[in-house]
Amino acid sequence: MNLKKFLLIYYQIFFYSVLFSQNIPEYKLDSIVVSPQTSYINSFKVIRNVIEISRDDISKKPLLFFNDIFENISGIDIRKRGYLQADLSIRGSTFDQNLIVIDGVPMYDSQTGHHLIDLPLSIENIEKIEILKGSGSRFFGANALGGVINIIPSTLKSNTLSIKASIANNNSYFGTISSNSKIGTTNHIISLSGAQSDGYRYNTDFKNYLGFYKFSFTVDSLNFFITSGFSDKKFGANSFYSLYYPDQWENTKSSMVITGLSSKKIDVRLYWKKHNDEYLLFRNQPEKYKNNHLKNNYGLITKYSNFTDFGFFTIGLETGYDEINSNNLGNHIRKRINLFFDNNININGNIIISLGSGVSIYNDWKPEYSPGLDISYKFFDNFISYLAFNTSYRIPTFTELYYSSPVNKANSNIVPERARNYELGLKYYLDLFKLNFTIFKREGRNLIDWVKKLDSDIWETKNIAQIDYYGLEFNFEYEDKNFKFFGVEKVLLSYNYISSHKIYNELESKYLLDHLNHQFLFDIIHNFGSFFQTYFSFKYEERNKGDKYSIVDIKSSKRIDYIDIFISIQNVFNKNYVEIGNIPMPGRIVNSGFCVQL
């Protein structure tokens with residue numbers, strides 16, 4: 001299929017949709033109101049299990065860094081290398097098999113998924129996070145095998161000025177100043193953050209600086225916004241990529257600009273993302289070995305949503321351009337076009353059907369198709385079952401295609417990997433309680449991994465045949481803002497199980513089989529009258545390769561007029577453990593500080 005035919009099909013469907021649309025401003029599917037101006041992930045909430053993390057939730061957790069937000073989230077596995085760098089896994093996926101979306105824009109990293117959550121955002125810049133577990137390719141395109149995380153940056157609530165500062169062990173300092181202001185009909189959010197530390201062991205020091213700005217205004221039903229951010233992270237990378245080299249060092253710089261214009265039916269967004277990764281094998285001898293990777297991603301997304309005689313219909317087009325200039329990977333350009341459509345149908349208020357598909361064309365490979373179907377049935381007003389079948393795919397990274405080192409050999413002939421996702425779930429809701437139970441299966445085909453023969457030291461990238469993943473999830477939530485039960489505000493309890501079955505020859509796998517088997521999480525927020533609030537968090541994790549550990553975090557805070565005073569402790573019992581490779585995690589971290597809001 002060439003580009004002209006693809007665009008012709010898209011615009012035929014687009015104009016057909018406009019012609020037969022009804023002028024209905026919103027439509028209620030189950031308990032979710034869906035309209036063209038709602039979140040890109042919102043239609044999935046109607047049927048599948050989507051986790052929401054609000055700004056209020058984030059502010060109460062014992063967090064230090066942006067990647068800490070995803071700790072103690074059901075089905076999410078954050079694997080850290082020290083403080084700043086972390087790999088994200090959803091339902092047993094690798095770090096390359098997930099997708100981050102900011103303000104409706106996919107944040108692809110064409111170099112490697114190791115940088116997927118290296119974003120120019122701080123904890124204070126987040127309004128809400130939505131996590132869709134399971135395939136999201138039919139709507140969001142490539143790489144959404146494990147799931148999709150949609151990050152909604154800060155929105156203006158009132159004119160405020162806030163200053164936050166804290167200090168932790170290992171000479172660690174953190175500070176943020178932010179301003180929210182309304183000037184005439186325009187809204188402005190500005191934030192500057194900085195952090196530095198001597199590190200918890202040799203060569204784990206860091207300096208981290210971030211800036212964020214969001215501009216928006218609304219005229220009648222027309223909304224316009226610009227979201228921008230910049231980050232500069234310098235950190236010692238002791239043994240991050242090889243245990244033989246304790247003097248590794250890295251500097252990553254990330255920038256983004258997203259601009260959007262939307263009405264009741266049409267949404268258009270332009271974006272640019274830049275990421276620079278400088279890596280030294282010997283921190284104090286840069287001339288010995290140095291990698292420098294500069295990436296630029298550009299794109300345009302158009303989306304049309306409205307109500308037809310056949311339900312709530314969405315069609316969209318995303319086109320993008322990724323380029324990399326690297327002294328190791330070479331200089332490459334990748335172009336893509338994604339067409340997607342989705343339709344939600346409500347039958348008598350009890351049955352909801354969501355079906356759609358995505359079609360993607362890359363300049364390097366043949367078209368990829370990702371159809372999907374979700375069905376829910378309401379037994380009672382508060383008891384819902386759902387069944388989902390979706391397909392997904394992932395495009396090889398430039399590292400998998402072109403990286404070369406004495407112990408790594410990339411393969412430029414690998415092709416996109418694919419997966420079929422099956423999911424069955426139950427959702428039960430009461431005024432104060434929520435229960436979710438899900439079982440799933442993901443069938444991976446042509447999966448990409450770094451593999452080696454048992455008698456070899458060379459890792460190579462290959463499309464290995466097949467791995468099937470099986471899992472179940474149980475989630476319980478209790479929330480009472482009136483604290484009627486002995487001051488308890490919220491309780492979160494979850495258990496997740498994942499197993500994998502490989503069907504390929506006896507090659508040693510580096511990433512695909514290195515996932516969680518068991519995850520048990522328990523969080524509770526307790527209010528001691530008007531004195532202070534405490535957030536207690538416990539997790540137990542056991543990995544497929546045998547590692548297991550349990551960690552306790554806690555945070556207590558007290559508000560006095562316009563000042564919040566807090567103290568948090570991560571790894572309360574100072575456990576020794578690793579999350580990836582043989583890199584020891586930090587011990588107990590005590591962080592105390594204040595936040596002033598004017």
Side-chain angles (χ1 to χ4, degrees), residues 77 79-81 85-90 92-98 108-118 142-143 145-146 237 239-245 248 250 277 279 281 289 291 293 295 324 326 328-330 332 364-365 393-419 442 444-469 498 500-516 543-547 578-583:
D77 182 18
R79 309 184 68 181
K80 297 180 183 177
R81 296 178 178 87
Q85 194 182 78
D87 291 345
L88 172 72
S89 171
I90 304 176
S93 67
T94 70
F95 50 84
D96 284 319
Q97 294 176 333
N98 308 290
Y108 296 116
D109 194 297
S110 53
Q111 177 196 346
T112 172
H114 286 310
H115 296 148
L116 186 65
I117 52 177
D118 184 11
N143 304 347
L145 275 74
S239 305
F240 274 24
Y241 307 106
S242 172
L243 296 175
Y244 299 109
Y245 301 100
Q248 298 170 78
E250 198 161 3
D277 176 25
Y279 168 78
L281 187 62
Y289 187 91
N291 281 335
H293 315 286
K295 296 161 289 182
I324 185 170
S326 166
N328 186 300
L329 305 179
H332 306 280
D364 299 321
W365 298 283
Y393 66 96
R394 181 176 79 84
I395 301 300
T397 65
F398 289 130
T399 298
E400 292 168 323
L401 291 166
Y402 305 113
Y403 183 70
S404 176
S405 79
V407 294
N408 295 282
K409 182 180 178 181
N411 177 4
S412 61
N413 295 316
I414 56 176
V415 297
E417 61 183 16
R418 298 195 56 82
R442 184 170 71 249
R445 302 294 182 268
N446 282 332
L447 295 181
I448 304 168
D449 200 6
W450 291 88
V451 297
K452 70 182 184 71
K453 297 179 181 179
L454 298 180
D455 59 351
S456 173
D457 294 326
I458 305 299
W459 294 91
E460 302 179 75
T461 49
K462 289 184 180 293
N463 288 103
I464 60 177
Q466 174 180 332
I467 299 181
D468 293 341
Y469 298 84
I498 301 172
S500 55
H501 176 61
K502 63 179 181 179
I503 307 173
Y504 63 97
N505 53 19
E506 291 301 319
L507 294 172
E508 184 178 349
S509 168
K510 195 171 188 178
Y511 297 117
L512 284 172
L513 299 177
D514 189 8
H515 58 78
L516 287 177
R543 300 195 174 278
N544 194 42
K545 295 189 176 181
D547 297 330
V578 298
E579 291 185 340
I580 189 167
N582 290 303
I583 303 170

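Below, each value reflects all heavy atoms present in this structure, side chains not excepted, and no hydrogens, waters or symmetry copies. For the single chain, residues carry numbers from 1 onward in sequence order. As the structure is a prediction and not an experimental result, all values here were calculated from the model.
- Listed for the N544 side chain is a donor-acceptor partner under 3.5 Å among the backbone atoms of L513.
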Item to check | Residue pair E460, N411: steps toward the side-chain contact (heavy atoms from CB on, under 4.5 Å) verdict | outcome: CA-CA 7 Å; E460 302 179 75; N411 177 4; over 6 Å; no
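- In this structure, E400 does not pair ionically with K462, as no charged nitrogen and carboxylate oxygen lie closer than 4.0 Å.
- The pair K295-D109 counts as a salt bridge, with a side-chain nitrogen and a carboxylate oxygen less than 4.0 angstrom apart.
- For the pair I395 and W365, the minimum side-chain heavy-atom distance is below 4.5 Å.
- Test H115, K80, R79, R81 against D87 for side chain to side chain donor-acceptor pair (under 3.5 Å) and you get one pass: R81.
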Item to check | side-chain contact (heavy atoms from CB on, under 4.5 Å) assessment of T399 paired with L329 | outcome: CA-CA 7 Å; T399 298; L329 305 179; 3.9 Å; yes
Checklist entry - Going through the distances and angles, do F95 and T112 end up as a side-chain contact (heavy atoms from CB on, under 4.5 Å)? => result CA-CA 8 Å; F95 50 84; T112 172; 4.0 Å; yes
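- Between K453 and L507 the shortest heavy-atom distance is CG-CD2, 3.9 Å.
- A salt bridge links R445 with D468: the closest approach of a Lys/Arg side-chain nitrogen to an acidic carboxylate oxygen falls below 4.0 angstrom.
- Looking at heavy atoms from C-beta onward, I464 lies in side-chain contact with L512 at the 4.5 angstrom threshold.
- Nearest heavy atoms, G146 versus S93: CA-CB, 3.9 Å.
- Between Y402 and S412, the closest side-chain pair of non-hydrogen atoms falls below 4.5 Å.
- Contact between T397 and Q111 at its shortest, heavy atoms only, is CB-O, 3.2 Å.
- N98 approaches L116 most closely through the heavy-atom pair O-CD2, 3.8 Å.
- Here the side chains of E417 and Y393 are not in contact, with every heavy-atom distance at 4.5 Å or above.
- Between T461 and D449, every side-chain heavy-atom pair lies at or beyond the 4.5 Å cut-off.
- If you take CG on D514 and OG1 on T94, they are separated by 10.5 Å, rounding to the nearest 0.5 Å.
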Next on the checklist: Please evaluate residues Q85 and I117 with respect to the criterion side-chain contact (heavy atoms from CB on, under 4.5 Å), reporting the C-alpha separation (whole Å), side-chain torsions for both, the decisive distance (0.1 Å), and the verdict.
Outcome noted: CA-CA 8 Å; Q85 194 182 78; I117 52 177; over 6 Å; no
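- Side chains of F240 and I580 form no contact here, defined as non-hydrogen atoms less than 4.5 Å apart.
- H515 and S89 share no donor-acceptor pair across their side chains, judged by distance under 3.5 Å alone.
- Rounded to the nearest 0.5 Å, atoms OG (S239) and CD (Q248) are 6.5 Å apart.
- We find the CG-OH distance between N143 and Y108 to be 6.5 Å, quoted to the nearest 0.5 Å.
- Ring geometry for F398 versus H332: interplanar angle under 30°, hence parallel rather than tilted (30 to 60°).
- Ring-centre distance between Y289 and Y245: not below the 6.0 Å cut-off.
- For the atom pair CD1 (I448) and CD1 (I414), the distance works out to 4.5 Å, reported to the nearest 0.5 Å.
- Taking the ring centre of W459 as origin, the terminal cationic atom of K510 falls inside the region bounded by 6.0 Å and 45° from the ring axis.
- The CG atom of D77 sits 4.0 Å away from atom CG of L516, with the distance rounded to the nearest 0.5 Å.
- To the nearest 0.5 Å, the span separating OG on S509 from CD1 on I467 amounts to 5.5 Å.
- Side chains of Y241 and E250: a donor-acceptor N/O pair is present below 3.5 angstrom, by distance only.
- The shortest heavy-atom contact between A419 and L145 is CB-CD2, 3.7 Å.
- Closest of all the heavy-atom pairs between I458 and P406 is CD1-O, 3.3 Å.
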